[in-house]
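Worksheet: one structure, shown below.
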Amino acid sequence: MSSTEQPSRGDRRRRQILEAALACFLEKGVAATTLGDIRARSGASTGSIYHLFASKEAIAGALLVDSLRDLHARIVGAMAAAPSAEHAVRGAVERYVAWVAAEPDRARFLLTAWQGLSAGAVSAELLAENKAFLSSVKEHLAAHVRAGEIRALPMAVFVAVVPG
């Protein structure tokens, strides 16, 4: 959606439900939150919720994907604009920290949500988002490896070390 387009009514309702769910999940945990809690906080009807999401777990999964997509886009954007490996890594860390500072509730949800989700709630969309992110990071780092600026490291090492 371009910056001049207005979100549709369905997009606004989806966002309201996700924001209400985030607040509920952070207060009660994913497992203890009910669809009734989310309905009451969002002001959405039960039918509206089920029209957009198949279950509470689907809401949590969508919240995870949306949050990761936003965070990942910021990190990849910083890496893409970096003129050197040092700037790429610094930019990734700075964007990560800035996102956590700007979105503390979503960051906390990302760190804690897994505790209340079943394995089935980790959707193919979430796995695809992570795969696309890691592919982009690897692509940006590969240019710096070829230039001899950094050593080639397994992606798991990069993902563990850089945010830490």
Side-chain angles (χ1 to χ4, degrees), residues 1-81 91-140 155-156 158-164:
M1 177 180 345
S2 75
S3 60
T4 58
E5 291 180 46
Q6 295 296 317
S8 71
R9 184 171 181 237
D11 290 341
R12 286 191 306 272
R13 175 56 81 192
R14 181 181 188 278
R15 178 60 36 212
Q16 289 170 338
I17 292 167
L18 290 174
E19 291 302 321
L22 175 61
C24 292
F25 294 155
L26 291 176
E27 283 176 14
K28 298 175 104 177
V30 174
T33 297
T34 66
L35 278 174
D37 296 331
I38 296 168
R39 182 193 49 74
R41 178 156 284 171
S42 69
S45 68
T46 301
S48 181
I49 291 172
Y50 278 117
H51 176 74
L52 294 166
F53 304 98
S55 64
K56 175 184 72 171
E57 287 76 18
I59 295 170
L63 192 54
L64 280 167
V65 170
D66 285 0
S67 298
L68 281 174
R69 198 171 276 146
D70 182 39
L71 174 59
H72 290 167
R74 292 170 192 237
I75 290 171
V76 169
M79 293 183 81
V93 172
E94 287 168 359
R95 293 285 174 92
Y96 178 84
V97 171
W99 185 86
V100 170
E103 301 285 350
D105 290 342
R106 290 200 300 169
R108 191 164 56 120
F109 177 74
L110 286 179
L111 293 174
T112 63
W114 307 102
Q115 298 166 7
L117 292 176
S118 66
V122 180
S123 69
E125 187 178 10
L126 180 60
L127 296 174
E129 172 57 31
N130 281 330
K131 184 176 180 179
F133 170 68
L134 293 175
S135 177
S136 292
V137 169
K138 187 175 183 177
E139 179 182 321
H140 290 299
M155 195 43 69
F158 179 84
V159 170
V161 170
V162 170

In terms of heavy-atom contacts, A58 and A54 come closest through CB-N, 3.9 Å

Side-chain contact, heavy-atom cut-off 4.5 Å: W99 with L110? yes

Could you tell me which residues satisfy ring-ring contact (aromatic ring centres under 6.0 Å, His included) with F109, sequence neighbours excluded, listed by chain and number? F25

Quick one: are V100 and L71 in side-chain contact, heavy atoms under 4.5 Å? no

Please name the pair of heavy atoms, one in V30 and one in K56, separated by the smallest distance, quoted to 0.1 Å. O-NZ, 2.8 Å

Shortest non-hydrogen separation from R95 to G77 and the atoms involved: NH1-C, 4.1 Å

Smallest heavy-atom separation, R41 atom then C24 atom, equals NH1-N, 3.7 Å

Which distance, rounded to the nearest 0.5 Å, do you find between the CD of E94 and the CD1 of I75? 12.0 Å

Do Y96 and R74 have side-chain heavy atoms sitting under 4.5 Å apart? no

Working for salt bridge (charged side-chain N to carboxylate O under 4.0 Å, His left out), residues R106 and E19: CA-CA 10 Å; R106 290 200 300 169; E19 291 302 321; 5.7 Å; no

Could you tell me whether a side-chain N or O of S42 sits under 3.5 Å from a main-chain N or O of Q16, the two making a donor and an acceptor? no

Just to verify, which of L68, L22, I17 counts as forming a side-chain contact (heavy atoms from CB on, under 4.5 Å) with L63? L22

Could you give the distance from CD (E57) to CD1 (I59), rounded to the nearest 0.5 Å? 9.0 Å

Side chains of N130 and H72 in contact at under 4.5 Å (non-hydrogen atoms): yes

Spacing of H51 atom NE2 and S45 atom OG [to the nearest 0.5 Å]: 10.0 Å

Hits for salt bridge (Lys or Arg N to Asp or Glu O under 4.0 Å) against R12, two or more places apart or cross-chain, chain-then-number order -> none

Decide side chain to side chain contact (heavy atoms under 4.5 Å, CB included) for R69 and E125; before the verdict, give the C-alpha distance in whole Å, the side-chain angles of both, and the deciding distance to 0.1 Å. CA-CA 11 Å; R69 198 171 276 146; E125 187 178 10; 3.2 Å; yes

If you round to the nearest 0.5 Å, how far is CG of L18 from CZ of F53? 4.0 Å

Do any N or O atoms from the side chain of S48 and from the backbone of A44 form a donor-acceptor pair under 3.5 angstrom? no

With a 4.5 Å heavy-atom cut-off, do Y50 and L35 have their side chains touching? yes

Apply salt bridge (Lys or Arg N to Asp or Glu O under 4.0 Å) to R108 and list each qualifying residue two or more places apart in sequence or on a separate chain. none

With a 3.5 Å distance limit and no angle check, can you tell me whether S136 reaches the backbone of A132 through a side-chain donor-acceptor pair? yes

Check for a donor-acceptor pair, side chain of D37 on one end and backbone N or O of T34 on the other, with a separation under 3.5 Å. yes

